[in-house]
Amino acid sequence: MRYATRCVQFDSAPGDPAAPSSTPIYQTATFRQESALQFGDYDYSRSGNPTRAVLEDQLARLEHASRAFAFTSGMAAISAVSRLVRSGDEILIGDDLYGGTHRLLAELGSQSGVAVRAVDTTDPVAVDSAITKRTRLVFLETPTNPLQRVTDLVALSEVMHERGVLLAVDNTLLSPYLQNPLLLGADIVIHSATKHLSGHGDVTAGCIAVNDAELAERLAWVQNSEGAALGPFDSWLLLRGLKTLALRLERQQTNATRIARYLSEHPLIDRVHYAGLAEHPGSEIIRRTTRGGGCVISFETGSLEFSRRMAESVQLFGLAVSFGSVNSTISLPCFSYMTKNTNTKS
Ligand SMILES: *Cc1c(COP(=O)(O)O)cnc(C)c1O
């Protein structure tokens, strides 16, 4: 089945006798028991809800995973992954990470006795030599945002498996349509579903996908015990967004490539960071392991004032953080990063 077909062909309401063609929103906290001693498939929505179950099955299919878990945000999903390590263990993190992830994991390092160290994950040899006997997990993004540095997941996962260390990849920037880290050897995939998976800028959500039954059990335990599972209505919104994932990303990527080329030839632009350009240092890896460089572009003008005026004078791009969705957005990430690392805001 082609990917775009996979996005729309799934059982929308397994076991529902009314056979609805769109998944119903099971907006309920509890489910009646068959008897005082017997439970059905569902009992309490934190533990499981039919709308979320359809979403999670579909997320798993889209990432070529055996199981997926939906959370209230990307950060809640990343927090759940961080629960896989214990005091005394070590996490190696990529040295160019989403600001919120850096904030969370750095704090984890100072509070919980988990050591957290940054490493250049684009270099498998550097990662190999950074691993110690305490290292349990390597956490990275590829391409990174905003610098779009690219890691060869095939090469890196070989190193990880040899050393018995889990590889977790935040795949938010490319989405499961463009890149499937589990097929490239990663153990855990994370998404901020707020971005491309939703695609309409109307929900915050997160997701984890895995292929290993034991990892899935541990994550199911965290999701149920900590209570950050996605609610039924948000699950439904996300499920609706997923149906057009392939179509949206295909068109957004075509548009982004044209804009990136235009900017890279423009005399007032110093540098364009877009992994989809042929001259990008990671372009060979992108060509070999993905369906393209995605639809997020960053660029440098060499002047803060010029960048500010540009961001404030474009007409079709909304001045907002996060990624574009069905509408485009523009922002100055150096400022949002400064806020992210010091305040409690985004
Ligand atoms: C937005 C984002 C996150 C955080 O996700 P939220 O849904 O905002 O909690 C994590 N990683 C990356 C790469 C992101 O872009």
Side-chain angles (χ1 to χ4, degrees), residues 55 59 63 68-83 91 93-108 118 121-122 137-151 153 167-179 181 186 188-209 223 226 228-231 234-235 237-238 241-242 249 252 256 273-275 290 293-298 320-325 328-337 339-341 343-346:
L55 169 69
L59 287 168
E63 264 303 4
F69 303 90
F71 289 85
T72 50
S73 68
M75 289 319 305
I78 293 167
S79 173
V81 169
S82 76
R83 298 295 186 186
I91 304 177
I93 56 173
D95 56 7
D96 183 25
L97 278 188
Y98 176 72
T101 307
H102 189 269
R103 175 177 58 198
L104 175 78
L105 296 180
E107 186 68 12
L108 189 74
T121 52
T122 63
L137 181 75
V138 171
F139 187 105
L140 63 90
E141 293 166 24
T142 179
T144 62
N145 178 22
L147 295 178
Q148 307 235 341
R149 295 173 56 212
V150 175
T151 291
L153 291 177
L167 177 58
V169 176
D170 180 335
N171 196 25
T172 304
L173 198 87
L174 287 190
S175 92
Y177 173 60
L178 297 174
Q179 174 171 260
I188 301 167
V189 177
I190 300 106
H191 285 278
S192 166
T194 314
K195 319 284 167 58
H196 299 321
L197 291 177
S198 147
H200 292 70
D202 50 13
V203 63
T204 63
C207 144
I208 305 175
Q223 188 193 43
E226 297 196 335
L230 195 63
D234 286 350
S235 293
L237 280 173
L238 188 49
L242 286 182
L249 267 287
Q252 285 175 246
H273 305 277
Y274 178 56
T290 74
C295 47
V296 178
I297 300 167
S298 68
V321 297
S322 189
F323 298 175
S325 54
S328 303
T329 59
I330 189 166
S331 66
L332 301 186
C334 53
F335 285 98
S336 46
Y337 278 138
T339 341
K340 270 173 202 149
N341 289 331
N343 294 347
T344 50
K345 283 172 64 189
S346 66

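Basis for what follows: all heavy atoms, side chains included, without hydrogens, waters or symmetry-related copies. Numbering of ligands and ligand atoms starts at 1, following listing order.
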Residue among Thr142, Val138, Ile93 satisfying side-chain contact (heavy atoms from CB on, under 4.5 Å) with Thr121: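 Testing each of Thr142, Val138, Ile93 against Thr121, the sole residue satisfying side-chain contact (heavy atoms from CB on, under 4.5 Å) is Val138.
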Can you give the donor-acceptor pairs under 3.5 Å from side chains of residues 69-80 to other protein atoms, not counting sequence neighbours?
unit_1: Ser73; atom_1: OG; unit_2: Met75; atom_2: N; d: 3.3
unit_1: Ser73; atom_1: OG; unit_2: Ala76; atom_2: N; d: 3.0

Under the side-chain contact (heavy atoms from CB on, under 4.5 Å) test, residues paired with Thr204 that sit two or more places apart: Thr194
Set of residues satisfying side-chain contact (heavy atoms from CB on, under 4.5 Å) with respect to Ala186, sequence neighbours excluded: Leu167, Val169, Pro181
Sorted by chain and number, the residues that approach ligand 1 to under 4.0 Å with a heavy atom: Ser73, Gly74, Met75, Ile78, Tyr98, Glu141, Asp170, Thr172, Ser192, Thr194, Lys195, Ala205, Phe323
Thr144 side chain vs Arg149 backbone, donor-acceptor pair below 3.5 Å: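 Side chain of Thr144 to backbone of Arg149: a pair is present.
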Any donor-acceptor N/O pair, Ser235 side chain to Gly231 backbone, under 3.5 Å: yes
